[in-house]
Amino acid sequence: MTDNYESFKADVLQLTKIDLNAYKERQMKRRIDSLIGKHHYTTYRQYVDALRKDRALFDEFVNYLTINVSEFYRNPEQWVTLEKKILPELMKKSSSLKIWSAACSTGDEPYSLVMLLSKFMPLSKIRIMATDIDLQVLDKARMGLYNIKSLKGLPDEFLRKYFTKVNDTNYQISSDIKNCVEFKQHNLLKDTYPVQCDLIVCRNVLIYFTEEAKDDIYRKFNAALKPDCFLFVGSTEQIIQPEKLGYHTYQSFFYQKKA
């Protein structure tokens, strides 16, 4: 682009409430420049003016900024740890768990949590809070229609019990599972966090943020957790020196808030 990226970031913040300063600049700028080029704009100013006038273009841009790559039971071995160690430990303390799926994308993760929890308690007692900054993916999550590719890691028992085959490539999740999840829009960088959580799941999202933004979010997650409760992160997001952020490592990808 021929004009100022700093001004563009300020315009994006005003328009979308997304702060591009918190993302790794080279990677994000490359993605944005590619999208702008696809629409044949030559300056950031032209593109911002178009975003203000064209709702479809605006929605495409927000969807493009928020990295929505998700699947059910992603990294299945980590879900085994959740089932065999984390949830039993939490349920020793309380039979009613407050669980937050942060940056939940298209709903694969919170729905996976509901299905796993159904092995411990009736669906009527399960309530997951699921949030994302992107309204489009939240709409997709509420719809609950998934391509078979996103279900490849899901245990067969859950696929048989909770999904209906729509055609050769798509499956619909049951209303019984959908009713256990409350989806809301939430910006990890600026919005208020919930409190007294037993488990926070935020996976494969923070890799796109700067180190400063990541540390700030991890501290906010820590404040949102009850003592001795858990943060579950993605396979590329192990926290360096978790003690400085108020955690200790319980097991790879699972961090426990210090009492």
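FYI, the numbering just counts along the sequence from 1.
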> Would you say Met28 and Asn21 make side-chain contact, with heavy atoms under 4.5 Å?
Replying inline: no

Within the side chain of Asn179, is there an N or O that forms a donor-acceptor pair under 3.5 Å with the backbone of Ser175?
yes

Query raised in the report: Does Tyr73 reach the main-chain N or O of Gln78 with its side chain, forming a donor-acceptor pair under 3.5 Å?
Result: no

The complete set of side chain to side chain donor-acceptor pair (under 3.5 Å) pairs with one or both residues in residues 185-201, sequence neighbours excluded, reads Asp198-Lys226

* **Step-by-step side-chain contact (heavy atoms from CB on, under 4.5 Å) determination, Lys149 to Glu71** => CA-CA 8 Å; Lys149 291 179 182 177; Glu71 61 188 58; over 6 Å; no

Exercise. Under the 3.5 angstrom rule, does the side chain of Glu237 hit a backbone N or O of Gly234 as a donor-acceptor pair?
Worked result: yes

For residues 136-145, which side-chain N or O atoms pair as donor and acceptor with protein atoms under 3.5 Å away, sequence neighbours left out?
unit_1, atom_1, unit_2, atom_2, d
Asp139, OD1, Arg142, NH1, 3.3
Arg142, NH2, Phe183, O, 3.1

Considering only NZ, NE, NH1 and NH2 on the basic side and carboxylate oxygens on the acidic side, decide whether Glu25 and Arg30 come within less than 4.0 Å. no

- Message: Show, in sequence, the C-alpha distance, side-chain angles and deciding distance for Asp49 and Arg52, and conclude whether the salt bridge (charged side-chain N to carboxylate O under 4.0 Å, His left out) test is met.
- Response: CA-CA 5 Å; Asp49 289 343; Arg52 290 194 173 104; 3.7 Å; yes

**Message:** Quick one: does any side-chain atom of Ser112 pair with a main-chain N or O of Asp108 as donor and acceptor, under 3.5 Å?
**Reply:** yes

> Any side-chain donor paired with an acceptor under 3.5 Å for Gln251 and Thr81?
Replying inline: yes

With a 6.0 Å cut-off on the ring centroids, do Tyr255 and Tyr250 count as close?
no

Check whether any side-chain heavy atom of Met115 sits under 4.5 Å from a side-chain heavy atom of Ile177, and report yes or no. yes

Legend entry - Distance flag, aromatic centroids of Phe230 and Phe254, threshold under 6.0 Å: no

- [ ] Report yes if some heavy atom in the side chain of Asn222 is under 4.5 Å from a heavy atom in the side chain of Tyr218; otherwise report no.
- [x] no

Does the plane of the ring in His39 sit parallel, tilted or perpendicular to the ring in Tyr47? Use 30° and 60° as the thresholds.
parallel

- For the pair Asn147 (side chain) and Ser150 (backbone), establish whether a donor and an acceptor sit closer than 3.5 Å, ignoring hydrogens and angles. no

field: Under 3.5 Å side-chain donor-acceptor pair for Arg203 and Asn75
entry: yes

Q | Stepwise salt bridge (charged side-chain N to carboxylate O under 4.0 Å, His left out) check, Glu212 with Lys214 | A | CA-CA 5 Å; Glu212 293 80 7; Lys214 280 193 281 191; over 6 Å; no

Output side-chain donor-acceptor pairs under 3.5 Å for residues 95-102, partner residues at least two apart or in another chain, one line each.
unit_1, atom_1, unit_2, atom_2, d
Lys98, NZ, Val195, O, 2.6
Trp100, NE1, Thr131, OG1, 2.9
Ser101, OG, Glu109, OE2, 2.9

Of all heavy-atom pairs linking Ile126 and Cys180, the shortest is O-CB, 3.5 Å

- Message: Surrounding NZ of Lys93 (heavy atoms of other residues, nucleotides or ligands, distance under 6.0 Å), is the total greater than 12?
- Response: yes

inquiry  = More than 12 heavy atoms of other residues, nucleotides or ligands under 6.0 Å from NZ of Lys152: yes or no?
reply    = no

Compute the centroid of each ring, for Phe72 and then for Phe163, and state whether the two points are separated by less than 6.0 Å.
yes

Test item: Gln46 side-chain N/O and Thr42 main-chain N/O as donor-acceptor pair under 3.5 Å
yes

* Would you please indicate yes or no on a ring centroid separation below 6.0 angstrom for Tyr44 and Tyr5? => yes

